[in-house]
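No hydrogens, no waters, no symmetry mates; every other heavy atom, side chains included, goes into these values. Chain letters run A, B, ... following the sequence lines, proteins first and then strands; every chain starts at 1.
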Amino acid sequence: MTNLKTQIAELLHNQIPSLTIENIFEILEVPANTQMGDYAFPCFKLAKEFKKAPPLIAKEIVDNFPTSEFVDKIENVNAYINIYLNKSWLVEQILSPILTEKENYGFDNSKSKGNIVIDFSSPNIAKPFHIGHLRSTVIGNSLYKIFEALGYNCHGVNHLGDWGTQFGKLMVAYKNYSSKEIIEEKGIEELLRIYVKFHEEAKLNPELDDEARSYFTKMEKGDEEALELWKWFKEISLNEFERVYKILDVTFDSYNGEAFYNDKMTPVIEELEAKNLIEISEGAKLVRLEEDNMPPCLITKNDGSTLYATRDITAAKYRYDTYNFEKSIYVTALQQNLHFAQVFKVVDKMGYPWANKMVHVPFGMVSGEGGQSLSTRNGNILFLEDILTEAIEKTKSIIEEKNPTLQNKDEVARQVGVGAIIFNDMYNSIIKDVIFSWEQVLNFEGETGPNVQYAHARACSVLRQANLTTPYEKIDFSLLNDEASINLAKELGKFKSVIRLAGQKFEPSFIARYAVDVAQAFNKFYHDNTILVENASLKEARLNMVLATKYTLKNALYLLGIKSPEQM
RNA sequence: GCACGCAUAGCUCAGCUGGAUAGAGCAUCUGACUUCGGAUCAGAGGGUCGUGGGUUCAAAUCCUACUGCGUGUGCCA
């Protein structure tokens, strides 16, 4: 499509030499209504230069427009120049590249554009994986695939929350409310119970918080008993996480969490001091950010132990040294906006020019129906695994009803059920808050993941029933001249520019919206046209359209981290 | 208080760096192939784009003030 648009821009450039092809390209638009052509060029901006009314300019350009093999008609409506392309040329221009690239359509697999580090998922150890962690995991995973498709070499980092005062809390809780035996038996469930209990008790007994802090300080100083417990809790949690990542089909290149930076922070603090950025206030070390309109960034507490920001600044530096990144992306909830603004600013003040390559990608919060919060501390939790299980079960019952003879139902149910959850989380702009609703998550009709998967499965089904023999070079694309076919082709042609935009805006939702658009255009095409017709050349032409749709849908879903079963 | 974010149909939201009658899905109602998968398709109703100013030939989109909601704001992450 981009190619098409460039060619139109070149034609117009011959008529309006004062504008560059790039300028014209930018002004060119796709009209809201196909009745108004395939492309439109508004002439308002030419008024000053030509010193004429825009409609007159439009008319002159149209009158002098040379005949072209791929422009069927060109006319002006007021100040707009509407361009109607030759449809068989249009369809061929779009479908040929797709049918050449096949499974790689849309993807630049070169890894030639440099490194990108994506910090995502990053759950806190000792807390179960709940619905709130899903967003970071799913969005980060999608951005990883989007940037790979754009030609970058991505590195997924699971910055585990495996260090910090919370461990002190857990240790105090363990000593007071639990035992080795119970935790060995119940695992993370018990860790959660005592963590919640700790917060309840600490409200009445603030000394508990002090005790927790001192336990964490012990950890930082290398206390053996404390570290032993820490290691144990971490193992229990990692097992749980791995199970969920497997269901979601998400992987990481590194699990270097906060603890990994424990022995790397001292040099960074010294560097901050050497660069005169540190001020000591009430016993704590901090970096003043008043002139940047932000509160100060705490580097160490008054007992000398480190904080979240200390570890993130250290991690930022480590990642640049290790990956020499073009971008370093942090996918976390918007509550952390200030934190990352501070961290980025401190890195900037340290004089590192790559500070502006760090990006925080914030997303909105998930709350329960009725708006209750779902925080770990108050124990009001929707466990992700329960949600996934429920979605998979529901999918299975739908399959039993609609397609009882399907092979490997369990695996397909997993792909569709999980796809529904993932899709639901990324269909809207990620900054929007999400109110978790079973009704919405388990709805598989309309703008949903299963709906897109269904369109893909239908395409596969038709292709299975036909023998596609003619190579696409010999297909007569002029046979695909009905409105539904042309609209579908146009939709398919947008894929690459959609991926580019999704990357620019860090918005997987662009891909999700696009997948729905393609599915809808395909459903319409499928409904209006019988594909397996007698006329062999018409059948082959339509089958190639189906094939191109299949590649596009599958690849779009892939970018979201969703599988495309051939049957469902 | 200050900072940041959000505000479009009954509900959930699109609307690309301003452009021609503001679009989907859900929900409600009506209808559809004796052939390829009805998790589909077609149609109907439903809008002072939070409010007031401003910039512009042109504003849901940009600027500004206000209102409402959310988040954050020195020793959690």
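- Distances were taken from every side-chain heavy atom of Leu298(A) (C-beta onward) to each of G74(B), U40(B), C16(B); the shortest belongs to G74(B).
- Within 4.0 Å of Ala40(A), counting heavy atoms only, lies at least one base atom of the nucleic acid.
- Note on Asn302(A): a base of the nucleic acid sits closer than 4.0 angstrom, heavy atoms only.
- The side chain of Tyr308(A) places no N or O atom within less than 4.0 Å of a non-bridging phosphate oxygen (OP1 or OP2) of A77(B).
- For the pair Arg311(A) and A77(B), the criterion of a side-chain N or O lying under 4.0 Å from OP1 or OP2 is met.
- You'll find that the side chain of Tyr454(A) is closest to G37(B), out of G37(B), U40(B), A42(B).
- Side-chain atoms of Gln335(A) lie closest to U71(B) of the nucleotides U71(B), C57(B), A77(B).
- For the P atom pair drawn from G68(B) and U51(B), the interatomic distance equals 15 Å after rounding to whole Å.
- Backbone-only engagement by Leu307(A) is indicated by non-hydrogen atom pairs under 4.0 Å involving sugar-phosphate atoms exclusively.
- Summarising the base pairing, G25(B) is matched to C11(B) through a Watson-Crick or G-U wobble pair whose two defining distances lie under 3.5 Å.
- Counting any heavy atom pair closer than 4.0 Å across all strands shown, Gln453(A) reaches no nucleic acid atom.
- Separating the C1' atom of C2(B) from that of C16(B) is a span of 34 Å, rounded to the nearest Å.
- Under 3.5 Å, the side chain of Glu282(A) and the base of C75(B) form at least one donor-acceptor pair of N or O atoms.
- Rounded to a whole Å, the CD atom of Glu29(A) is 15 Å from the C1' atom of A22(B).
- Side-chain N/O atoms of Gln465(A) include one lying less than 4.0 angstrom from OP1 or OP2 on G37(B).
- Pairing for C2(B) is with G72(B), a Watson-Crick or G-U wobble pair whose two hydrogen-bonding atom distances lie under 3.5 Å.
- Donor-acceptor pairing under 3.5 Å, judged by distance alone, is absent between the side chain of Asn337(A) and the base of U71(B).
- Across the protein-nucleic acid pair, Phe25(A) atom CZ and C16(B) atom P stand 17 Å apart, rounded to whole Å.
- Lys285(A) comes within contact range of no nucleotide atom at all, as no heavy-atom separation falls under 4.0 Å.
- Side-chain N/O atoms of Gln336(A) and Tyr308(A) include a donor and acceptor closer than 3.5 Å.
- As judged by a 4.0 angstrom heavy-atom cut-off over every strand, Ser429(A) is placed among residues touching the sugar-phosphate backbone only.
- The phosphate of C16(B) (OP1 or OP2) has no side-chain N or O of Lys494(A) nearer than 4.0 angstrom.
- Here the side chain of Glu447(A) is nearest to one of A24(B), G38(B), A32(B), namely A24(B).
- In this structure, Asn451(A) does not reach the G25(B) phosphate: none of its side-chain N or O atoms is under 4.0 Å from OP1 or OP2.
- For Met545(A) and C36(B), the CE to C1' distance is 16 Å, given to the nearest whole Å.
- The partner of G52(B), taking Watson-Crick or G-U wobble pairs whose two distances both stay under 3.5 Å, is U64(B).
- Of all nucleotides listed (A39(B), C6(B), G37(B)), C6(B) comes nearest to the side chain of Ile431(A).
- Using a 4.0 Å heavy-atom distance criterion, Thr530(A) is classed as a base contact.
- Straight-line distance between the C1' atoms of G25(B) and G15(B): roughly 15 Å, to the nearest whole Å.
- With a 6.0 Å cutoff to the six-membered ring centre and a 45° limit on the axis angle, Lys394(A) counts as a cation-pi contact of Phe444(A).
- Listed nucleotides G38(B), U17(B), G74(B) differ in distance to Lys402(A); the shortest reach to its side chain belongs to G38(B).
- Straight-line distance from the CG atom of Asn262(A) to the P atom of A77(B): 13 Å, rounded to whole Å.
- Using a 4.5 Å cut-off on side-chain heavy atoms (C-beta onward), Phe495(A) and Leu559(A) make contact.
- Taking a pair to require two hydrogen-bonding distances under 3.5 Å in either a Watson-Crick or a G-U wobble arrangement, C33(B) remains unpaired.
- In this structure, Phe25(A) and Leu19(A) have side chains that are not in contact, with every pair of non-hydrogen atoms separated by 4.5 Å or more.
- Residue Asn33(A) is classed as a base contact, given a heavy-atom separation below 4.0 Å to a base.
- In this structure, a donor-acceptor pair under 3.5 Å is present between the side chains of Thr20(A) and Asn23(A).
- Residue Gln336(A) is in base contact, counting any heavy-atom pair closer than 4.0 Å across all strands shown.
- Pairing of C57(B), defined by two Watson-Crick or G-U wobble distances under 3.5 Å, is identified with G19(B).
- Ring orientation note: the planes of Phe344(A) and Tyr330(A) are tilted relative to one another, at an angle of 30° to 60°.
- At the heavy-atom level, Asn82(A) lies under 4.0 Å from base atoms of the strands shown.
- Distance CG (Asp292(A)) to C1' (A3(B)): 13 Å, rounded to an integer number of Å.
- Using modelled atom types and a 3.5 Å distance limit, the side chains of Lys5(A) and Ser497(A) yield no donor-acceptor pair.
- Asn529(A) comes within 4.0 angstrom of a base, heavy atoms only.
- Of the two residues near RNA chain B, Thr300(A) and Leu334(A), the one whose nearest nucleotide lies more 5' is Leu334(A).
- When the C1' atom of G5(B) is taken as reference, atom CD of Glu507(A) falls 14 Å away, rounded to whole Å.
- One finds a side-chain N or O of Ser461(A) lying less than 4.0 angstrom from the OP1 or OP2 phosphate oxygen of G37(B).
- Between A14(B), C41(B), G72(B), one nucleotide has an atom nearer to the side chain of Asn428(A) than all others, and that is A14(B).
- Residue contacts for Met568(A): at a heavy-atom cut-off of 4.0 Å it reaches a base atom on one of the strands shown.
- Listed nucleotides: G25(B), A14(B), A39(B). Nearest to the side chain of Arg513(A): A14(B).
- Side-chain atoms of Gln465(A) and Ser461(A) form a donor-acceptor pair, as typed in the model, at a separation below 3.5 Å.
- If you check distances only, the side chain of Asn443(A) never reaches the base of A39(B) with a donor-acceptor pair under 3.5 Å.
- Distances from the side chain of Val462(A) to the nucleotides U73(B), C36(B), G25(B) place C36(B) closest.
- Taking atom CE of Met365(A) as the reference point, atom P of A77(B) lies 20 Å away to the nearest angstrom.
- Distances were taken from every side-chain heavy atom of Arg458(A) (C-beta onward) to each of A14(B), U40(B), C26(B); the shortest belongs to U40(B).
- Residue Ala79(A) is classed as having no contact, given no heavy-atom separation below 4.0 Å to the nucleic acid.
- Between the CD atom of Glu566(A) and the C1' atom of C36(B) there is a distance of 16 Å, given to the nearest Å.
- Looking only at atom types and distance, the side chain of Ser509(A) has a donor-acceptor partner in the side chain of Glu507(A) under 3.5 Å away.
- Enclosure of atom CD in Gln335(A) by more than 12 non-hydrogen atoms of other residues, nucleotides or ligands within 6.0 angstrom is indicated.
- OP1 or OP2 of A14(B) sits under 4.0 Å from a side-chain N or O of Lys432(A).
- As judged by a 4.0 angstrom heavy-atom cut-off over every strand, Tyr526(A) is placed among the base-contacting residues.
- For G25(B), its base never sits under 3.5 Å from the side chain of Thr448(A) at any donor and acceptor pair.
- Within the 4.0 Å cut-off from OP1 or OP2 of G74(B), not a single side-chain nitrogen or oxygen of Arg288(A) is found.
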